[in-house]
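Here the structure comes first, spelled out in structure tokens, and everything after it is commentary.
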Amino acid sequence: MVNLSFSKLLNIINPPMITLSISVFLTFQHLFTIGVTSYDPEENFAINCGFSGSGNFNFRDWTGDNDTILFSLFEPHNHPSIPVDSPLHSTSVYQVPYSTARVSRYKFSYVFPVTHGHKFIRLHFFPASYPNFNRSNSLFSVRTGSYTLLKEFNASHTADKDNNPQGTVSREYCMNVEPVQMLNLTFTPSSTHPDAYAFINGLEIVSMPNDLYYTETDGQGLIPVGLNSQMYPIENNTALETVYRINVGGSQILPEQDTGMFRNWDGDVPYVEEQHNQSTPSGFGSKLKDNGQNDTAPDTVYLTARNYGKNATSKYNVTWQFEVDLGFFYMVRLHFCEFEQEIQKPGERVFQIFKADNLAESHADVIMCTGGNLIPVYKDYVVSMFSKASLKKLTLSVKLQPHPNEKLRAYNDVILTGIEIFKVNDSDGNLHGPNPNSSRSTPQLSEPLRKSNKMNIVPIVVGVGSGVILLSLIGFLIFGRLTIARNSRWGKSKSRKTDESSLPLDLCRHFSIREIKAAAKNFDELSLLG
Ligand SMILES: *[C@@H]1O[C@H](CO)[C@@H](O)[C@H](O)[C@H]1NC(C)=O
Ligand SMILES: *[C@@H]1O[C@H](CO)[C@@H](O)[C@H](O)[C@H]1NC(C)=O
Ligand SMILES: *[C@@H]1O[C@H](CO)[C@@H](O)[C@H](O)[C@H]1NC(C)=O
Ligand SMILES: *[C@@H]1O[C@H](CO)[C@@H](O)[C@H](O)[C@H]1NC(C)=O
Ligand SMILES: *[C@@H]1O[C@H](CO)[C@@H](O)[C@H](O)[C@H]1NC(C)=O
Ligand SMILES: *[C@@H]1O[C@H](CO)[C@@H](O)[C@H](O)[C@H]1NC(C)=O
Ligand SMILES: *[C@@H]1O[C@H](CO)[C@@H](O)[C@H](O)[C@H]1NC(C)=O
Ligand SMILES: *[C@@H]1O[C@H](CO)[C@@H](O)[C@H](O)[C@H]1NC(C)=O
Ligand SMILES: *[C@@H]1O[C@H](CO)[C@@H](O)[C@H](O)[C@H]1NC(C)=O
């Protein structure tokens, strides 16, 4: 019955949608055939708010929130929220979850039974005039636990400003749920505006691997850039908001094409500095070597990049510019993969990386770090965006230039395949930025002191060695040593397990143990240590 209402919508109103789904399906199949193993999230709620029943859309089961027992809705008995249909004049309303919404002038909460661990929370909004709810009057906050995700959020303003042709707004957050905690998402209309109401079209709660973005207990954290501070761990009490997730040199990767976590990856064209837009994507159909890093990013992220072209003589920074809110720390993850056949050895493509015009890597050499071609790798940095100027937005730039010392490199070139930027919650648990046209915003003028809770030394021990690991290690030692030397932080490696010989892997940061373990497993016949 319910499935019917979905297909009815699709068939009658918008037949081309079916074709779209089929082509998406083919792409999806294709991804699997080139070897993506997908993460299978323990929790995978996709909630179509204001809808009754459930249905499959884009390979996902979307559950209506009007008559489900999977989770609960708490609201005042005398002022229940209202399930409504979206107005029919926009093209986006035919798509799940934007075709219906839940609206209310009173506070309402969704409470989800979830297991403990790290979760994505995604909120989807289609600001429109719903029956008796004028588009321009939506103004509300969204809280979960001790975090404020959105505050005095004007959805129509946000949609208009973002210039999104479909007029929809989506937000993604990452947080940790402690054992026996429920996940409570509360929508509260603003009390500053007489007709203010809250609404929501779609909600997602999706588990993620515990080491995907959070620093593991024995992990090191992010490399500080332009900060006189220690390594910066992303601990369980941190909440993150995804502000950009970019497939460099490539095009959008849809949620259903992600590695099982339904993340959206955008193309990088809007962010590349225009005068340098001749830096072209290099697309290669090659297959990545399986190093166990199978859920960090889809293979397609690692197989497109921007660079100068190896014969170029240009001297400029390949530059991406990202507008961010003032007054926060940002976690910046860069994804690399050396996929050009000509580049096989350390010292061939050596470059420098700047974040917000501060040197982040003085000697980046992907082959040196991975030990070979077609092996993906990522590195995490923390950048602070505080300013004394009375700005609300700042530009966080990522710049790459070839190493200035020509003797240290064979090619005048750089490479980058992916960028993810997350906002880190402030000391009050806020993730919301300053609001437009509001005097309520009080951006912090100077950087708060961050208490560092521990020496972040990674004692990683790998029991099984391999040719690849040893090779990589040599790279790690050098890549790691340079960064570490700059930050004057040397680590002494400790054994994680008792009897295993200890390799000083702490010198190469930001390779999760999972990757190293998996790499070791894949090559254990080459064991060197046995
Ligand atoms: C990733 O790869 C490793 C080793 O190849 C495998 O054990 C693991 O299950 C894979 N992870 C996912 C999420 O498929
Ligand atoms: C929501 O559910 C109630 C009770 O199950 C039902 O009476 C109502 O028609 C539903 N509303 C919508 C919009 O489907
Ligand atoms: C952080 O949370 C994860 C998942 O809930 C858990 O496995 C890990 O032990 C926690 N770390 C600490 C230091 O509590
Ligand atoms: C919504 O409010 C604006 C300004 O208050 C008004 O111009 C507009 O006609 C209203 N729209 C509807 C559908 O009532
Ligand atoms: C939301 O923003 C729009 C456009 O900027 C504005 O017209 C409207 O008054 C704002 N709504 C509220 C409730 O502040
Ligand atoms: C959810 O959180 C809100 C706001 O913090 C609170 O008022 C409400 O009682 C909570 N509901 C449940 C069921 O925990
Ligand atoms: C590059 O920038 C120029 C203007 O500076 C613009 O006309 C052109 O379309 C851009 N090319 C691409 C591929 O974005
Ligand atoms: C780059 O230079 C090499 C050696 O000089 C040459 O063989 C190759 O064809 C050039 N490639 C391009 C794209 O110009
Ligand atoms: C690249 O950007 C950095 C940081 O802003 C700057 O120091 C450097 O001179 C730039 N390089 C070139 C070639 O413009």
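Both ligands and their constituent atoms are indexed starting at 1 by order of listing. What you see is a predicted model, and the numbers here were worked out from it, not measured in a lab.
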Is Asn176 close to ligand 3, meaning an N/O of one under 3.5 Å from an N/O of the other?
yes
Got the closest protein heavy atom to atom 11 (N) of ligand 2, with its distance?
Asn66 ND2, 2.8 Å
Distance-only N or O hit between ligand 5 and His193, under 3.5 Å:
no
Taking the six-membered ring for Trp and the single ring otherwise, decide whether the centroids of Tyr381 and Tyr330 are under 6.0 Å apart.
no
Distance under 4.0 Å to a non-hydrogen atom of His116: what atoms of ligand 3 satisfy this?
5 (O)
For the residue pair Ser54 and Thr63, confirm or rule out a side-chain donor-acceptor distance under 3.5 Å.
no
Tell me whether Arg60 forms a cation-pi arrangement with Phe262, defined as NZ or CZ under 6.0 Å from the six-membered ring centre and within 45 degrees of its axis.
yes
Using side-chain hydrogen bond (donor to acceptor under 3.5 Å, both in side chains), reason through Glu216 and Asn210 one step at a time and then give a plain yes or no.
CA-CA 8 Å; Glu216 290 179 291; Asn210 280 338; over 6 Å; no
Suppose I only count heavy atoms of Asn210 and a 4.0 Å limit; which atoms of ligand 3 are within that range?
4 (C), 7 (O)
Do Arg135 and Asp160 meet the salt-bridge criterion of a basic N to acidic O distance under 4.0 Å?
yes
Atom indices of ligand 5 within 4.0 angstrom of Ser136 heavy atoms, with elements
8 (C), 10 (C), 11 (N), 12 (C), 13 (C)
Taking atom 2 (O) of ligand 5 as the point of reference, which of Asn137, Asn154, Thr158 owns the nearest heavy atom?
Asn154
Shortest protein heavy-atom distance from atom 14 (O) of ligand 2, along with the residue and atom involved
Ser52 OG, 2.6 Å
Show which atoms of ligand 3 fall inside a sub-4.0 Å distance from at least one heavy-atom site of Gly117.
4 (C), 5 (O)
Does the protein put a heavy atom under 4.0 Å from atom 9 (O) of ligand 2?
no
Between Asp295 and Thr259, is any side-chain donor less than 3.5 angstrom from a side-chain acceptor?
no
Shortest protein contact, atom 5 (O) of ligand 2 (heavy atom only)
Asp67 CB, 4.4 Å
Taking the six-membered ring where the residue is Trp, are the ring centres of Phe140 and Phe199 under 6.0 Å apart?
yes
Checking Glu241 now: which residues fulfil side-chain hydrogen bond (donor to acceptor under 3.5 Å, both in side chains) with it, not counting sequence neighbours?
none
